[in-house]
Amino acid sequence: MSGSSTKTKRRLSLTSQVNILIVAITLGITLLMVGISAANYRKAILVPGIRKLSGLTVETKDYVPYLNYFLQMFHTDDFQKARASHEAGDPEKDRFLDWMDAAPSFTADDPEYGRESLFFDIIAFDILLRETMEQVDLEIACAEILEDGKIYRAALETNKDEYGDWQANFGREESFYGLNPQDFVKPEMIETEDGKVLLLRCVTFALEKGQARLWLGYNMTQQVKEYRGFVARAVVSVLILTAAASAVSVYLLRRYVTKPITALAQSATEFTPEEDGSYSADRISKVEIRADNELGDLSREIRSMQTRIVENTEKLRTMTAEKERTKTQLNLAEQIQKGMLPSVFPPYPERTEFALYASMTPALDVGGDFYDFFMIDEDHLALVMADVSGKGVPGALFMMVSKTMLKNSAMMGKSAGEILSVTNDLICASNATEMFVTVWMGILEISSGKITAANAGHEYPAVMKNGRFELLKDRHSFVVGGIEGARYQEYELQLEKGDKLFLYTDGVTIRRKRCSGPTG
């Protein structure tokens with residue numbers, strides 16, 4: 001009884017700690033989010049505008065011709081007089097428009113924009129500036145020209161729906177808020193003296209005798225005011241809602257989450273393996289939560305998972321035993337296969353007229369490639385290099401049958417072509433698997449160095465003469481085991497003292513990090 005009370009008390013204490021922790025984390029995260037939002041509100045409202053301004057591409061080549069020409073016009077006395085008459089504010093004496101109409105157009109020869117006066121150049125420039133603004137729905141655009149410390153304004157657009165007053169802005173010696181363009185290579189937000197909040201980017205480019213600036217931006221005044229009010233209201237609202245939600249969550253969490261999870265955790269802890277690593281069905285969870293929610297799904301999944309573990313453990317034990325038996329059989333097959341191939345070198349130490357060496361590395365535990373050599377009589381040595389079409393155990397079995405047939409036929413004193421023909425007919429007579437084998441068969445007359453050979457679809461042999469290997473592109477006959485009654489053409493190859501013959505299978509020619517086929 002005492003032990004049970006202690007256990008219950010400990011569980012309730014853990015529940016309380018979890019609930020308190022949830023409330024603390026919820027409040028902490030909420031206050032942190034509000035604090036971060038309030039401290040970085042400029043970034044929060046700037047993101048869309050910054051992306052637009054950063055992604056805007058300004059084609060300076062479109063602006064430079066206009067601004068170079070405008071800079072030349074701003075230097076003239078006629079322009080300065082016209083500018084002064086306009087700023088005087090007397091309509092009777094204002095000759096600004098008359099000067100515009102009289103000044104020649106630098107685009108007069110242009111088929112699209114060419115006009116007779118500067119007036120139309122200014123209109124075309126305003127259209128160009130408007131097109132740039134429309135790319136990302138800009139609210140502010142100002143073009144300036146700088147030379148010898150003077151600043152001339154070429155254009156100013158401040159409204160998305162109407163053109164700016166170009167007469168008041170064209171040629172005026174006035175900078176755009178006196179800002180340093182180097183601070184606005186990337187979009188930045190400022191607050192002006194008149195209370196405006198502007199998000200600006202400045203693009204600068206060189207003119208023939210000066211420099212030009214293109215100010216691009218958005219008026220963020222209203223958004224900033226709204227956001228600051230939102231942050232203040234959010235702080236109060238979130239704190240109130242968090243306190244209320246936490247109280248309700250504590251109750252619901254304890255009743256519908258914490259207690260069921262504790263029961264599930266205990267049932268999962270008790271599901272442990274036996275000493276031999278197996279799992280007993282008696283230890284499968286008995287906890288059943290009938291609720292149609294995630295916890296109910298979890299309780300059912302735990303029982304299902306534990307059931308599958310019990311079943312899969314038994315299957316794994318059976319599969320492991322079977323795999324071990326298969327591995328043992330494959331190892332035995334590999335040893336048998338290797339044992340059938342000559343592996344002692346030199347094989348005929350008493351014969352000094354020739355030297356032999358061969359090796360095989362199968363791609364799998366066992367394979368279908370094989371080589372062979374044997375003395376037919378005192379003056380004739382048979383050489384075989386072959387590649388069965390299959391791999392694995394089937395290929396190995398077919399390889400052993402083919403090797404035996406080739407050797408038996410050779411020992412009957414037949415020629416290379418006849419050996420392949422006899423072997424082909426024997427295989428075709430009972431080839432239910434429709435496998436085949438490529439074979440290079442040669443019989444060396446030791447006394448003369450002459451080889452009589454036949455090639456049944458195998459790789460070209462390589463012959464070294466005078467220290468240099470070359471492929472012998474012999475004529476191929478059909479593979480062995482492909483068509484019953486096939487005949488194989490023979491040819492002769494003369495080897496002199498010091499010459500070498502290199503035979504191989506297609507595993508050597510595949511581009512891999514290491515050779516995966518036999519060589520001989």
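Note that this is a predicted model, so its numbers are computed, not measured.
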Does any part of the side chain of [Y], heavy atoms only, come nearer than 4.5 Å to the side chain of [X], both counted from C-beta?
X	Y	result
Cys202	Phe176	no
Leu156	Cys142	yes
Arg201	Phe184	no
Asp474	Pro461	yes
Leu67	Phe205	yes
Val197	Asn219	no
Lys500	Val463	no
Asn68	Phe106	no

### Query
Which residue pairs pass the salt bridge (charged side-chain N to carboxylate O under 4.0 Å, His left out) test with at least one member in residues 209-225, sequence neighbours excluded?
Glu144-Arg213
### Query
According to the salt bridge (charged side-chain N to carboxylate O under 4.0 Å, His left out) rule, which pairs have a member within residues 56-81, sequence neighbours left out?
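Of all non-adjacent pairs touching residues 56-81, none passes salt bridge (charged side-chain N to carboxylate O under 4.0 Å, His left out).
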### Message
If the condition is salt bridge (Lys or Arg N to Asp or Glu O under 4.0 Å), which residues does Glu470 pass it with, not counting sequence neighbours?
### Response
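So Glu470 forms a salt bridge (Lys or Arg N to Asp or Glu O under 4.0 Å) with Arg468.
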### Task
Using the test salt bridge (Lys or Arg N to Asp or Glu O under 4.0 Å), find all partners of Lys465 that sit at least two apart in sequence or belong to another chain.
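Residues passing salt bridge (Lys or Arg N to Asp or Glu O under 4.0 Å) with Lys465: Asp499.
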Which heavy-atom pair separates [X] from [Y] by the least distance, and what is that distance?
X	Y	answer
Thr57	Gln135	O-OE1, 3.9 Å
Pro187	Leu53	CG-CB, 3.7 Å
Gly217	Leu138	O-CD2, 3.9 Å
Gly195	Thr221	O-CG2, 3.9 Å
Val64	Ala206	CG2-O, 4.2 Å
Pro181	Thr204	CB-CG2, 4.0 Å

How many angstroms lie between [atom1] in [X] and [atom2] in [Y], if you round to the nearest 0.5 Å?
X	Y	atom1	atom2	value
Asp137	Leu56	CG	CG	11.5 Å
Lys52	Leu216	NZ	CG	13.5 Å
Asp121	Thr107	CG	OG1	3.5 Å
Leu199	Ile190	CG	CD1	10.0 Å
Thr158	Glu139	OG1	CD	10.0 Å

Donor-acceptor contact present, side-chain [X] to main-chain [Y], <3.5 Å:
X	Y	result
Tyr371	Tyr504	no
Thr76	Met73	yes
Thr132	Leu128	yes
His458	Ala386	no
Ser477	Gln489	yes

### Pair Glu226, Gln222: side-chain N/O donor-acceptor within cut-off below 3.5 Å
yes
### Residues Thr438 and Asp387: side-chain donor-acceptor under 3.5 angstrom
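There is no such pair (donor and acceptor under 3.5 Å, judged by atom type) between the side chains of Thr438 and Asp387.
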Check residues 82-90 and write down every donor-acceptor pair under 3.5 Å in which the side-chain atom is one partner and the other belongs to a residue at least two apart or another chain.
from	atom 1	to	atom 2	distance (Å)
Arg83	NE	Glu87	OE2	3.3
Arg83	NH1	Gln167	O	3.3
Arg83	NH1	Phe170	O	2.5
Arg83	NH2	Gln167	O	3.2
Ser85	OG	Ala82	O	2.7
Ser85	OG	Arg95	N	3.2
His86	ND1	Asp94	OD2	2.8
Asp90	OD1	Glu92	N	3.1

### Query
Within a radius of less than 6.0 Å around CD of Glu208, do more than 12 heavy atoms belonging to other residues, nucleotides or ligands occur?
no
### Message
Tell me which one of Tyr460, Phe502, Tyr491 satisfies side-chain contact (heavy atoms from CB on, under 4.5 Å) with Leu472.
### Response
Tyr491
### Summary
So the ring-ring contact (aromatic ring centres under 6.0 Å, His included) pairs with at least one residue in residues 122-157 (sequence neighbours excluded) are Tyr63-Phe125, Tyr66-Phe125, Phe70-Phe125, Phe74-Tyr152
